[in-house]
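Below you'll find the structure, written out as structure tokens, and then a few comments.
In listed order, ligands and their atoms are each counted from 1.
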Amino acid sequence: MGKEDRILLDHGSGGRASHELVREVFLPPLRNSLLAELDDSAVLEIGNQRLAFSTDSYTVDPIFFPGGDIGCLAVNGTVNDLAMRGATPLYLSAGFIIEEGFLISDLKRILASMKDAAMTAGVKVVAGDTKVVYRQDVDQIFINTSGIGVIGVNTNISGSSARAGDCVLISGTVGDHGVTILSKRGEFSFEAPVQSDSAPLNGLVREMMSVSDQIHTMRDPTRGGLATSLNEIAIQSNVGIELQEDCIPLHDSVVGACEILGLDPLYMANEGKLIAIVSPEDADKVLNCMKAHPLGSEASVIGRVVSENCGRVFMKTEIGGTRILDMLAGEQLPRIC
Ligand code: MG
């Protein structure tokens with residue numbers, strides 16, 4: 001990227017431009033072996049303990065939406081990034097950037113939501129920071145959370161561990177969060193009988209890990225959606241991924257909204273779903289375990305990992321064709337989370 005290039009909304013999409021920004025601008029000056037893994041959280045070895053460490057910022061607009069708000073999103077999002085490494089999330093920090101004039105009652109509502117989410121996930125917020133900026137220097141409120149969790153001795157779950165032959169599982173319907181936010185945004189605003197799936201996934205992950213030690217990779221498909229997350233895994237693990245379109249769970253209302261708006265639900269954000277890549281011998285066991293959990297009742301095996309087409313994701317369509325699923329290109333909707 002040249003001297004005159006500027007940051008575009010696309011650089012925050014979580015898709016191809018975000019990845020280029022990370023690789024070309026952020027990584028070169030900050031590079032170290034932990035950061036370069038580019039997983040959902042870094043795994044730190046301190047003494048004989050391994051810790052997962054992650055951070056994320058939340059700028060969602062609107063701040064209150066069906067199924068959640070910026071507060072629960074900020075807790076669940078970081079909890080989930082820790083859980084995707086197989087860690088037990090323990091402690092969070094929370095930083096707030098607030099616009100002058102923001103209602104204290106709205107701040108209290110957000111904090112109550114964070115309290116409930118933290119209790120559900122079994123984590124504590126143990127450090128915080130508040131900055132207030134001039135009116136219009138930020139839109140209402142932005143929140144950053146960081147978190148740490150502990151990782152068991154034999155747990156090695158990462159984006160680079162998927163192997164040919166593995167099964168690809170998804171814990172439920174995709175695109176719900178993205179369509180919910182879209183439906184409440186001034187410029188698009190429409191009625192959709194769908195709500196955000198914002199939820200902490202560490203309980204589901206704990207159950208899955210109790211029935212199998214053959215879960216190779218997990219990822220929560222947030223910005224950029226299922227398709228982008230699978231592309232990341234295909235690149236990190238240097239494998240191909242083949243999806244079966246008719247196995248991907250979708251709410252009718254999400255399909256309908258996406259059709260009308262010309263969007264693809266496979267690129268829409270999720271805030272309470274996980275991808276699990278599991279050795280074929282354990283796939284049924286893990287799937288049944290997911291289905292028995294309230295956050296995985298619509299879980300499905302959606303494809304497999306293959307040794308050809310490394311770094312690419314393909315989808316067998318319902319009408320029998322094959323479609324290349326690339327990373328998200330362009331920004332579908334800024335401030336989705
Ligand atoms: Mg993530």
Side-chain angles (χ1 to χ4, degrees), residues 11-16 18-19 21-23 26 34-44 51-60 68 70 72-89 92 117 121 123 143-149 151 155 157-162 168-172 174-178 181 196-205 208-209 215-237 241 266-277 295-296 313 327-328 332 335-337:
H11 287 122
S13 68
R16 182 161 300 285
S18 301
H19 284 82
L21 186 72
V22 167
R23 282 178 202 284
F26 283 102
L34 297 180
L35 187 65
E37 285 185 17
L38 300 178
D39 256 310
D40 279 331
S41 40
V43 173
L44 321 172
L51 300 175
F53 180 43
S54 189
T55 190
D56 211 329
S57 299
Y58 299 84
T59 63
V60 66
I70 192 170
C72 69
L73 207 61
V75 170
N76 292 335
T78 293
V79 162
N80 292 345
D81 278 339
L82 296 170
M84 294 306 108
R85 298 301 302 265
T88 301
L92 302 188
V123 299
I143 303 176
N144 171 275
T145 52
S146 297
I148 59 170
I151 302 180
T155 301
I157 295 170
S158 91
S160 52
S161 302
V168 181
L169 285 68
I170 185 83
S171 62
V174 296
D176 300 2
H177 177 78
I181 298 303
S196 169
D197 54 356
S198 177
L201 294 165
N202 54 326
L204 173 62
V205 167
M208 292 163 62
M209 289 175 63
I215 301 168
H216 296 151
T217 301
M218 286 191 284
R219 184 146 299 177
D220 54 339
T222 53
R223 281 175 314 171
L226 176 67
T228 301
S229 291
L230 288 173
N231 269 277
E232 291 168 0
I233 295 166
I235 292 167
Q236 275 181 276
S237 293
I241 294 179
L266 304 187
Y267 291 89
M268 301 296 284
N270 308 276
E271 292 292 339
K273 297 290 159 34
L274 65 84
I275 298 163
I277 298 189
L295 293 176
V313 180
M327 273 195 193
L328 175 65
Q332 283 195 326
R335 297 182 60 191
I336 198 88
C337 57

Checking salt bridge (charged side-chain N to carboxylate O under 4.0 Å, His left out) for the pair R85/E37: CA distance, chi angles, key distance, verdict? CA-CA 12 Å; R85 298 301 302 265; E37 285 185 17; 3.5 Å; yes
Would D197 and K273 pass as an ion pair if we require N to O under 4.0 Å? yes
Counting only protein N, O or S atoms (no waters) closer than 2.8 Å to the Mg ion (ligand 1) gives 3
Could you pull out the closest heavy-atom pair between L295 and L204, with the gap in Å? O-CD2, 4.1 Å
With no hydrogens and no angle check, do the side chains of S41 and D81 hold a donor and an acceptor under 3.5 Å apart? no
Can you confirm whether the side chains of H11 and S18 place a donor and an acceptor under 3.5 Å from each other? no
When every non-hydrogen atom of N270 is compared with those of P221, the smallest separation belongs to ND2-O, 2.8 Å
